[in-house]
Each structure stands twice: as C-alpha cells, then as structure tokens.
Amino acid sequence: MDFELKEEQRQLADALRRWIERDYTFETRRKIVHSPSGTSTQAWNTMVELGLTALPVPEAQGGFGGSAVDMFVVMQELGRGLVVEPYFPTVLGARILQLAGGQEELLQRVAAGQAKLACAFGEAQSRHDLSDIATKMTGPADAPAVSGVKTGVEGGGQADCFIVSARGHGGQRDRDGIALLLVEEDTTGLVIRDGRTIDGRRTAGVTFDHAPATLLAGPGDAWPLLEAAADYGAALLCAESVGVMDALFAATLDYVKTRKQFGVPIGSFQALQHRMADMFIHLEQARSMAMLAAVKVDSADAEERRRVVSAAKARVGEAGRFVGQQAVQLHGGMGVTDELPAAHWFKRLTAIGVTLGDVDYHVRRFAGLEGFRVAG
Amino acid sequence: MDLNYSAEDEAFRAQVREFLAANLPPDLRHKVRHHLRLGKEDYVRWHKIAAAQGWAAPGWPVEYGGTGWNAVQRHIWDEECALAGAPQILPFGVNMVAPVIMAFGSAGQKAHYLPRILNCDDWWCQGYSEPGAGSDLASLTTTAVRDETGEHYIVNGQKTWTTLAQHADMIFCLVRTDPAARKQDGISFLLIDMKSPGITVRPITMLDEEHEVNEVFFDNVRVPVANLVGRENEGWTYAKFLLGHERTGIAGVGRSKRELGFLKALAAKQCVSDGTLLDDPLFAARVAQVEIELMALEVTVLRTIAREDKGPGPEASLLKIKGTEVQQLLTELMLDAAGPAALPFDADYLEGRHEHAAGGDAASDHAPLAAYYFNYRKTSIYGGSNEIQKNIIARMILGL
C-alpha cells in the first residue's frame with residue numbers, strides 16, 4: 001500500500017503550481033473570465049506545453065498514457081488555481097473516444113492541443129440522469145445525423161468537436177437505445193449559444209438540426225461507455241474539489257489567524273477553532289475518497305467502480321458544501337463579496353457539486369447497487 | 001499511489017482468518033456479534049488463546065513477546081478479529097501500561113509485569129480520571145506522600161470512570177507527588193496492587209444499567225516505592241508518551257464494518273409497507289451515508305498506517321472523532337431499524353443466563369440494541385472528549 005505520489009507526479013504538480021502562481025494569478029484569471037471569449041489562448045498553449053493535453057491520451061496516439069492518478073495530480077492543481085480553460089471537457093471527451101475505439105487522428109490532435117472537445121450529454125429535463133435523452137439520432141449508421149437541444153455544455157463555445165449522446169430508439173430513459181456520436185463544430189445544422197457559468201467557466205446551449213455526425217458507439221454499446229466515462233469525470237472532479245478545498249481551507253486558516261476582533265485573532269475563539277477542525281476532518285475524509293476513486297475508477301469491475309465513484313462523489317460533495325459554506329461564514333462580510341478568492345473557490349465547489357451527479361444522486365445510486373443489499 | 005494490499009498482506013490475512021476460524025470459541029463469537037455482555041472470563045479466555053499463539057501483543061517488540069508485525073499486519077489482525085466477532089483484547093495492560101513500563105520501567109518491573117500482561121495473568125485498569133479532572137487530566141488531586149522510612153508512598157484520593165476495575169488485580173495511576181509544582185510537573189506514575197488495604201471499588205451504573213465503570217477510593221494505601229515507574233514527578237511525560245502511543249485502532253474500522261453488516265441484515269428483515277426497511281429510500285440513504293463515511297475513514301486510517309514510522313500523532317484525533325461518530329451512527333440506525341422491538345430490557349439475556357430475551361425468540365436479535373445505543377454514547381466522551389480532540393486538531397495541526 002502506497003499513498004505517495006511518484007517523483008514525476010510531484011514534478012508535474014510543482015510545474016503546474018509554479019505556472020499558476022506566476023502567470024495565472026487571481027487577477028489574471030479575473031481578466032480572462034471577463035474577457036469576451038472567457039478563456040485564454042495563451043493559458044491553453046502553456047497547458048499544452050506542460051503536457052496536460054497529452055497526459056490522458058494513449059501513447060499510440062502521441063500521448064503519455066497517463067493514469068487516473070496522474071490526472072488526480074493535475075486536477076488538484078487546476079482546482080487550486082481555478083483554471084477556467086476547457087480542459088475537463090476535453091479530457092472527458094478524450095476518455096469517450098478511447099473507450100469507443102477508433103478516432104486515432106482526433107486523439108492525436110487532442111494530445112497535441114490542436115483540438116478541444118465538448119461533451120453534450122445534458123438536456124433541460126435530464127438533471128443528473130445521463131440516460132434521460134430526447135435528442136435523436138437519425139439516418140443510417142454510416143451517415144447518421146443528430147437533432148435535438150443540449151444544455152450545459154461546458155466549453156461548447158470553444159470546442160472543435162462535440163461528443164453527443166442521442167437516442168437511436170426506445171423511450172426517454174431507455175439505456176439500450178442510446179448512441180454516442182461525434183459532431184464537428186464547423187458542420188451544418190449547429191447553433192451554439194455561448195455563455196458564462198457562475199464559477200467563471202464557459203457553457204453553451206447547442207441546437208443540433210440534422211447535423212451530420214460520426215457514430216462512436218451505437219445503441220446497446222453506448223450506455224456502458226457513457227457511464228464509465230461519466231464515472232471517470234466524476235473521479236476527476238473529486239480530485240479537483242480536493243485541490244479547491246485545500247486552497248480555500250489554507251486561505252481561511254490564514255484569515256482566522258490574522259483577522260482581529262475584540263483585540264484578539266478570531267482563530268483564538270473555540271467556536272471557530274472547532275469549525276476549523278470540522279472543516280479539516282471533512283477535507284481529509286474527502287481526500288481519502290478522492291484518492292480511492294482515482295485508484296479504482298480504472299477498475300475492470302464495473303460494479304466496484306460505480307460503488308467507489310458514487311461514494312467519493314457523494315462524500316466529496318458533502319465536504320465541498322461544508323467547507324465552502326464555513327469558509328464564507330468565517331470570512332465574515334468579506335466572504336460574501338466577489339473580491340476575495342475565497343468566494344470563487346466556493347463557487348467552483350458549488351458548481352462541481354451539481355455536475356455529474358450531486359450528493360443525493362450518488363447516495364441513491366450507491367444504495368441501489370446490488371452489493372449494498374448483501375448483508376455482511 | 002497503490003491502495004491495494006500486497007500479496008503478502010493477503011496471505012497474512014488468510015493466515016489470521018484460518019487461526020480465527022479454528023480458535024475463536026463459537027460462544028464468544030455469538031456474544032460479541034449479538035451485542036451480549038462479556039464477563040471477565042470471556043476476556044481472559046480469548047486473551048490466553050491469542051497469547052498461546054504468540055499474538056496477544058502485536059505491537060510489542062519481539063524481545064518482549066511481540067509479533068514483529070508491521071503496521072499493516074497489525075491493522076489486518078485488528079480488523080479480522082473484529083469482523084470475526086472476537087472479544088477485544090483490553091488495552092489497559094497490553095497497549096497502555098506495558099509500553100510505559102518498557103520505555104521507562106526498571107529491569108525488575110519489566111521482568112515481573114510484562115510476561116504477566118502478555119499472558120493476562122493480571123487484569124489491569126487505568127487510574128487517570130478523577131471527579132475534578134476529566135478532560136483536564138493534569139488537575140488531578142490524588143496524592144502520594146512518602147512515609148517516614150521512605151520505602152512506601154501513602155496514597156489518598158479518588159479515581160473515577162475506572163473501566164472494569166471490579167475485575168482488576170492492578171491499577172496504574174497518575175498521582176500528585178509534588179503539590180507545590182506547576183500542575184503538570186508534580187505528577188508520578190504508580191503501579192498499585194488492587195488488593196492493598198485501603199482500596200474501595202464502588203460500581204457506577206451506566207445508561208444501559210451495565211456495571212462497566214467504577215469509582216476507586218484510596219484511603220492511606222501503602223504502595224512500595226519500587227512500584228514507581230521512572231522518576232518521581234515525571235509521570236506527566238509518561239502519560240503523554242502513552243497518549244502518543246494511541247494507535248490507529250482507535251477508529252474501530254473492523255468493528256464498524258461488522259456492525260454495518262449486522263445493521264443491513266437487521267434492516268433487510270424488517271417489513272415496511274412495500275418491501276423491507278433496507279429498500280426504504282430514506283433509511284437506505286442513511287445507511288449508505290454511514291457506509292460511505294466508513295469507507296472514507298478506512299482509507300484515512302490506511303493513509304495514517306502507510307506513514308508508519310511517523311506514527312499517528314495528532315491525526316489520531318481525527319480518527320477518534322470520525323471513528324466514534326460512525327460507531328454512534330451505526331448504533332442509532334440499529335435502534336431505529338429494530339424500532340419498538342429494541343425496548344425490552346432483559347439483563348439475564350444480556351449476560352447470557354437466558355437463551356432468548358424476554359418477549360420471545362424473534363426479539364433475541366433486537367433486545368440488546370437499545371442498551372447498545374445507550375452504551376455507545378460514551379465513546380464521544382471518553383478517551384478525551386470529541387471536543388477536546390477538536391481542540392487538539394486546532395492547536396497541534398492547524399496552529400490556532
């Protein structure tokens with residue numbers, strides 16, 4: 001058993017942290033978020049240079065074949081730095097491409113940083129249920145098209161390609177009828193409405209109207225891929241959350257040690273000390289689960305993967321909410337302003353909390369697994 | 001990062017399981033798994049079985065009769081014992097007084113006491129808490145004054161919350177030997193024979209009506225100076241050493257895993273409107289959340305163990321808080337799962353004098369559960385209350 005990071009992983013974390021401290025400061029990030037595009041080509045190029053886009057791509061496609069644990073390291077640092085570039089949707093998309101097979105050229109472009117991906121999975125009615133799909137796949141398998149409206153597509157305005165879930169047949173939540181398709185950004189039949197999320201990211205609503213597509217996985221095959229990729233994404237978001245919480249916790253600890261009221265640092269009050277201890281415990285329990293998820297998300301045992309990922313996403317989500325809310329409370333009036341970094345870590349934790357399944361969704365999924373009912 | 005047990009660890013686990021399958025008496029296993037009360041003979045019997053195998057004191061150095069196991073192996077042993085339903089090997093001798101004797105005791109003390117602790121020939125209890133010194137341990141007032149010959153201490157005062165002192169042959173005590181010194185500086189560590197004239201043990205009955213703890217009174221008790229461990233007035237150092245020795249077992253992960261299984265089996269037998277209680281979304285969600293918390297705790301424990309050389313340190317406070325919260329939640333859910341069936345109270349059944357509880361056969365699983373719930377309220381209070389543990393985290397880890 002070994003909980004330590006490998007030397008290369010530590011070096012990667014250090015390199016990322018140095019870049020963020022030097023070039024992706026809080027003020028720089030604010031300018032990026034409020035710029036017309038909401039992202040930064042320069043930042044993206046640096047991330048590519050640092051090898052981030054190549055990391056999750058297999059070696060055969062010019063990547064580094066990094067494990068989920070390697071990605072854990074990256075996501076933690078991006079979380080700490082609140083990096084808003086569309087890296088997560090690109091990585092999630094690359095995961096789908098890998099699981100589906102084929103698409104070597106596109107994966108090569110992803111590895112080289114030349115292609116950004118977006119995952120159009122959500123619809124207005126679907127909330128956390130990725131099988132709730134009204135978007136239709138039409139046309140023959142060798143020349144399919146997509147029609148429907150997808151919402152909450154992170155990085156949709158910046159993407160070169162969309163990975164779209166659509167219904168080949170069946171009722172609105174029929175898992176067997178789901179297909180996964182690839183749609184190029186510059187094809188016909190696409191309307192993209194780009195906007196910003198509360199945590200400073202880019203999101204899009206995308207309308208597909210008979211948009212020509214390539215089939216990645218057809219009905220019968222697509223759901224297991226989609227579910228596995230979503231679990232991978234959830235595990236990555238857990239890692240990112242831990243990075244965000246680490247930074248937010250450190251900032252809050254620093255604040256309660258320096259902020260004086262009644263002539264003493266507020267951290268000398270026991271009520272606040274216990275609050276900090278509770279935040280620390282949440283953070284450490286969340287860190288444990290994020291590590292477990294990173295190690296188990298690649299498991300060949302799908303049931304074990306579901307169990308661990310749902311447990312992790314639920315536990316990390318609970319921690320995120322507690323740590324975020326308490327951090328704001330402990331910062332007092334300053335905590336509810338947009339000026340402080342703390343507010344932005346809180347917003348990111350909140351956004352992660354409702355992405356790829358919230359606490360209730362994952363607790364329900366965990367309790368619904370076959371193994372849950374097997375009494376010890 | 002690799003969170004799997006190694007092949008050697010798994011082989012070791014198999015060996016432990018084999019030993020438990022062959023050597024854990026079924027009646028003891030039954031008592032533990034069904035939350036019945038254990039008597040002195042139950043504890044001693046299991047301790048001696050483990051001792052005969054050479055496994056009674058896994059954490060001791062080999063030279064004193066320990067196993068030489070690493071921290072992961074010790075964790076596996078604890079976990080498998082708990083899962084199997086083995087009685088706890090009580091910590092007072094093996095894990096509390098023995099490390100202090102090894103580190104600070106005289107050659108004579110080591111030669112006399114350690115083999116007897118290993119084999120459970122003496123039952124030890126701990127004399128730390130006093131009516132006026134609970135979490136503020138250093139406020140203790142029990143005095144030890146040398147007599148005119150200088151060969152004996154005369155001990156006067158009172159200890160309280162003394163677990164299972166009614167069975168004890170020996171008590172290790174913190175006593176005040178220099179009333180004039182700063183409160184941490186005048187304390188000594190004494191080993192006292194419970195048969196000494198002047199000692200009175202008075203039972204305290206707890207919420208579950210169990211006689212688990214006691215008050216111990218000392219009225220001019222004569223204790224040979226040879227029973228002083230280490231140096232006079234340095235007992236606080238040894239007590240702190242002992243606290244630093246608290247192991248990751250404090251989290252009780254193995255026991256909580258066993259109880260989670262019990263809880264699910266119980267809930268799966270309770271019929272509610274359409275299905276079992278374990279199918280009920282609200283109840284299932286509460287069970288799932290405890291299970292998830294326990295998973296997280298287990299990984300946190302393993303992270304601590306992986307840093308074996310450094311020892312748990314102040315992180316043990318986190319394990320204590322979370323461990324006891326999980327334990328208490330589990331007992332609460334068991335109570336809720338049993339519902340009214342948990343309410344019959346039958347001490348004869350709890351102490352093994354009846355095969356079934358009053359109220360009949362079907363209630364036998366359930367009758368102890370209310371008592372068990374009440375009993376476990378102690379866990380967030382003893383061993384340094386959870387509030388004190390938060391103070392420790394705030395001060396030692398967070399620097400507040």
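No experiment lies behind these values; they were computed from the predicted model shown. Labels below follow one simple rule: chain letters A, B, ... track the order of the sequence lines, proteins then strands, and each chain is numbered from 1.
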Peer 1: Please classify the contact of A:D278 with chain B as side chain, backbone, both or neither, using a heavy-atom distance under 4.5 Å.
Peer 2: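 The answer is the side chain of A:D278.
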
Peer 1: In the structure I gave you, are the side-chain heavy atoms of A:V74 and A:Y87 within less than 4.5 Å of one another anywhere?
Peer 2: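 Result yes, sub-4.5 Å side-chain heavy-atom pair found.
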
Peer 1: Side chain, backbone, both or neither: which part of B:E298 has a non-hydrogen atom closer than 4.5 Å to chain A?
Peer 2: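 For B:E298, neither part sits under 4.5 Å from chain A.
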
Peer 1: Kindly assign one of parallel, tilted or perpendicular to the pair B:Y5 and B:H75, based on the angle between their ring planes and the thresholds 30° and 60°.
Peer 2: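 Answer is parallel, since the angle falls under 30°.
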
Peer 1: Hey, what's the ring geometry for A:F262 with A:F269, parallel, tilted or perpendicular (30° and 60° as the breaks)?
Peer 2: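 Ring orientation, 0 to 90° scale: perpendicular.
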
Peer 1: So for B:I392, is it side chain, backbone, both, or neither that comes closer than 4.5 Å to the heavy atoms of chain A?
Peer 2: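 Looking at B:I392, nothing touches chain A.
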
Peer 1: Please determine, among B:V72, B:N4, B:L302, the option with the most heavy-atom pairs under 4.5 Å with chain A.
Peer 2: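 So the answer, after comparing B:V72, B:N4, B:L302, is B:L302.
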
Peer 1: Tell me, out of B:S6, B:G399, B:A267, who's got the most heavy-atom pairs with chain A below 4.5 Å.
Peer 2: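 Highest number of pairs under 4.5 Å: B:G399.
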
Peer 1: Taking it one step at a time, do A:F366 and B:E291 satisfy side chain to side chain contact (heavy atoms under 4.5 Å, CB included)?
Peer 2: CA-CA 10 Å; A:F366 182 89; B:E291 182 168 351; 3.6 Å; yes

Peer 1: Side chain, backbone, both or neither: which part of A:V363 has a non-hydrogen atom closer than 4.5 Å to chain B?
Peer 2: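 Contact with chain B is through both the backbone and side chain of A:V363.
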
Peer 1: Could you check whether the rings of B:H34 and B:F262 sit parallel, tilted or perpendicular, using 30° and 60° as the cut-offs?
Peer 2: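 Perpendicular: the ring planes of B:H34 and B:F262 meet at over 60°.
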
Peer 1: Using a 4.5 angstrom heavy-atom cutoff, name the option from B:L398, B:L318, B:D9 with the most pairs to chain A.
Peer 2: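 Max contact count across the listed options: B:L398.
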
